[in-house]
Amino acid sequence: MRITLKACLPFSLYSTVRSHGWHQMAPFSFNTEPLVLEYVLQLESGTIAQLEISETADGVRARTEESITSEEKKELKQKVTWMLGLDRDFSSFYRLAHDEPKLARMEAKAQGRVLRSATFFEDVIKTILTTNTLWAATKRMNQNLVEQFGTPVKKGSSQKAFPTPTRLARTSEDVLRKETRLGYRAPYVLELAESIKKDDINLESFKNSDLPTEQLRKKLLTIKGVGDYAAANLLNILGRYDYLPIDSWALKVVSFEWYNGASIGKKEVETAFEHWGDWRGLAFWFWDWSYYKKSEKESDVEM
DNA sequence: GGTAGACCTGGACGC
DNA sequence: GCGTCCAGGTCTACC
């Protein structure tokens, strides 16, 4: 089965996929030759579809070998549109970015979209796994979650979908802590899965919520394991750019950019992007950091 | 509202 | 191979 979807132009599959590290996390995988994004998607009906998404002249083509119903096809279209932000229009931001040398490239590279998971639940769990740990450990915890609790494409297949809240709610904190190696994050993941199962929280409604960003942020902060950084990161994923995800990396690159490497706090980061108003999260996310130019120069010397 | 300490894993390092 | 140190956000208790 194949579907083609049009994107609001400009669009680049490569730029969207490489917008952050999600493409390195199961059930995503990404090949550059040829350019294909793979994802194991679990539909509402329970059907598992192994998707191969490639770029077309004006959008994407999604292919799966599984036969699916017309209702499932409709859901698949909605999910792919959401994951790649195909309907997102960044023209107002591009007009502002043209005058900023650190962002002026964005329109030509069709940057602005961030890769999202099929469900907001998956994005919240993955964000919790990024906190207070190294990237390698985040990937390992996520891999363990998918391997241990994900539904396979076919019986015996190693390709599995991200676990559903219902499936995770059936496990125990002890298993998540010791076997999935989530450590102190285990009760947070379990509590969230249980809350969704009991309908205490509907994370998927956050995708198209009319609530003001501040109220949405407050709701996110009620989730155990989601603090200021994680909430801002999740708001950016939802397309709300009013908050900056300030972690230790942000302090480092902003300090290098404007404070000559001196020790700084959150306030300095916020001040640096204040004038971008409602777009500040997006400007921050795609800023062309001098810190990396310096690193490249140093590695050039070493070579 | 601000701050200190605990939480937990895994990589780096020294022995 | 073993032990120690450190980095990484959030939570909770306390002031």
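Just so we're on the same page: letters track the sequence lines, and every chain starts at 1. Because the structure is predicted, anything quoted here is derived from the model rather than measured.
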Q: Just call it for A:T133: base, sugar-phosphate, or nothing, with non-hydrogen atoms closer than 4.0 Å on any strand.
A: base
Q: Verify the distance criterion only: is there a donor paired with an acceptor across the side chains of A:T47 and A:S45 at less than 3.5 Å?
A: yes
Q: Check the phosphate of C:dG8 against A:T130, side-chain N and O only, distance under 4.0 Å to OP1 or OP2. Yes or no?
A: no
Q: Rounded to whole angstroms, how far apart are CG on A:D247 and P on C:dG8?
A: 9 Å
Q: Is the phosphate of C:dT10, meaning OP1 or OP2, less than 4.0 Å from a side-chain N or O of A:T131?
A: no
Q: Have a look at A:A136 and say if it touches a base, only the backbone sugar-phosphate, or nothing, with a 4.0 Å heavy-atom cut-off.
A: nothing
Q: Please determine if a side-chain N or O atom of A:K224 lies less than 4.0 Å away from the OP1 or OP2 oxygen of C:dT12.
A: yes
Q: Between atom CD1 in A:I246 and atom P in C:dG9, what is the gap in whole Å?
A: 11 Å
Q: Taking only the side-chain heavy atoms of A:R140 (C-beta and beyond), determine which of B:dG11, C:dG8, C:dC11 contains the nearest atom.
A: B:dG11
Q: Establish, from distance only, whether the side-chain atoms of A:K102 and A:S290 form a donor-acceptor pair under 3.5 Å.
A: yes
Q: Just how far, in rounded Å, is P of B:dT9 from CE of A:M141?
A: 9 Å
Q: I need the CG-C1' distance between A:D228 and B:dG1, as an integer number of Å.
A: 13 Å
Q: A:R185 has a side chain; which of C:dT10, C:dG8, B:dG10 sits nearest to it?
A: C:dG8
Q: Using the closest heavy atom to pick a nucleotide of DNA chain B for each, name whichever of A:L134 or A:R177 lands nearer the 5' end.
A: A:R177
Q: A:V226 or A:N132: which one's nearest nucleotide on DNA chain C is closer to the 5' end?
A: A:N132
Q: Less than 3.5 Å between a donor and an acceptor, one on the side chain of A:Y184 and one on the base of C:dG9, is that the case here?
A: yes
Q: Between P on C:dT10 and CG on A:L221, what's the gap in Å once rounded to a whole number?
A: 9 Å
Q: Grab the CG-P distance between A:L220 and C:dT10 for me, whole Å please.
A: 12 Å
Q: Grouping I, L, V, M, F, W and Y whenever their side-chain heavy atoms are under 4.5 Å apart, do A:F90 and A:L84 come out in a common cluster?
A: yes
Q: Roughly how many Å is it from CD in A:Q143 to P in B:dT9, rounded to a whole number?
A: 18 Å
Q: I need the NZ-P distance between A:K267 and B:dG1, as an integer number of Å.
A: 14 Å
Q: Both A:G225 and A:K252 contact DNA chain C. Which one's nearest nucleotide lies toward the 5' end?
A: A:K252
Q: Whether the A:D242 and A:W279 side chains hold a donor-acceptor pair (N or O, under 3.5 Å, no angle test) is what I'd like checked.
A: no
Q: Using the rule that two of Ile, Leu, Val, Met, Phe, Trp, Tyr join whenever any of their side-chain heavy atoms come within less than 4.5 Å, decide whether A:L5 and A:L13 are in one cluster.
A: yes
